Amino acid sequence: MSEPARPTPPPPLEANDQLVTGVVTAGWAVALIVLLIVRSSLPAGARWWIWTCAAGLVMGLFGLWYVPRLKRGRALAAARRAAAPADDPGQSAPRASGSNTVSSTETPGKSNMS
């Protein structure tokens with residue numbers, strides 16, 4: 001029997017990274033505030049949650065600072081690659097590394113190399 005044709009998968013969705021990071025960071029901030037309010041009623045063995053929330057808040061703030069810079073840098077690098085001529089003698093061609101790993105654009109089990 002022939003296998004039925006599968007429909008092509010939809011393209012991946014793009015998320016608003018800053019919004020997602022901001023919402024999660026706000027959640028850590030709210031949790032930290034609540035735990036600071038009720039800290040006197042927390043058992044001694046559960047006070048580490050305060051530090052967990054503080055660490056989540058700090059990492060979220062770092063993410064809010066870092067993600068836009070990361071995206072801007074990737075966009076600039078992509079623009080430079082698109083603007084650079086393909087036959088530029090100053091650019092060296094990528095070498096085959098001999099790696100057998102499959103990139104996200106390749107189909108597993110099929111090779112692009114001959």
Side-chain angles (χ1 to χ4, degrees):
M1 290 187 103
S2 66
E3 191 173 312
R6 288 192 263 178
T8 59
L13 296 174
E14 285 292 321
N16 183 346
D17 298 328
Q18 282 186 292
L19 178 64
V20 171
T21 306
V23 168
V24 172
T25 303
W28 282 116
V30 168
L32 178 62
I33 291 167
V34 168
L35 286 174
L36 288 174
I37 291 171
V38 299
R39 76 175 155 208
S40 61
S41 64
L42 286 174
R47 295 212 175 129
W48 60 272
W49 279 104
I50 294 172
W51 293 107
T52 301
C53 292
L57 179 63
V58 168
M59 290 191 318
L61 292 173
F62 174 75
L64 285 171
W65 172 81
Y66 181 71
V67 168
R69 283 156 184 75
L70 175 70
K71 291 180 98 171
R72 192 173 22 237
R74 286 181 177 176
L76 286 172
R80 282 191 209 114
R81 280 192 305 272
D87 56 357
D88 185 9
Q91 297 279 18
S92 63
R95 297 184 298 182
S97 66
S99 173
N100 291 331
T101 59
V102 177
S103 78
S104 62
T105 59
E106 297 175 359
T107 305
K110 301 200 180 196
S111 173
N112 292 346
M113 300 179 71
S114 337

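Heavy-atom basis, side chains included; hydrogens, waters and symmetry copies ignored. As the structure is a computational prediction, the values presented were derived from the model and not from experiment. We're numbering straight along the sequence, starting at 1.
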Check whether any side-chain heavy atom of Ile50 sits under 4.5 Å from a side-chain heavy atom of Leu42, and report yes or no.
yes
Identify each donor-acceptor pair in which a side-chain atom of residues 54-72 lies under 3.5 Å from a protein atom, sequence neighbours left out, and give them as a table.
residue: Arg69; atom: NH1; partner: Trp65; partner atom: O; Å: 2.6
residue: Lys71; atom: NZ; partner: Asp17; partner atom: OD2; Å: 3.0

Which pairs would a plain distance check flag for residues 8-15, meaning a side-chain donor or acceptor within less than 3.5 Å of a matching protein atom at least two apart in sequence or in another chain?
none

Contacts satisfying ring-ring contact (aromatic ring centres under 6.0 Å, His included) that involve residues 22-49 (not counting sequence neighbours) are none
Salt bridge (charged side-chain N to carboxylate O under 4.0 Å, His left out) contacts touching residues 53-63 (sequence neighbours left out):
none
Salt bridge (charged side-chain N to carboxylate O under 4.0 Å, His left out) contacts in which one or both residues fall within residues 21-39, not counting sequence neighbours:
none
All pairs passing salt bridge (charged side-chain N to carboxylate O under 4.0 Å, His left out) where residues 19-30 contributes a residue, at least two apart:
none
Tell me which one of Val20, Leu19, Thr21 satisfies side-chain contact (heavy atoms from CB on, under 4.5 Å) with Val23.
Leu19
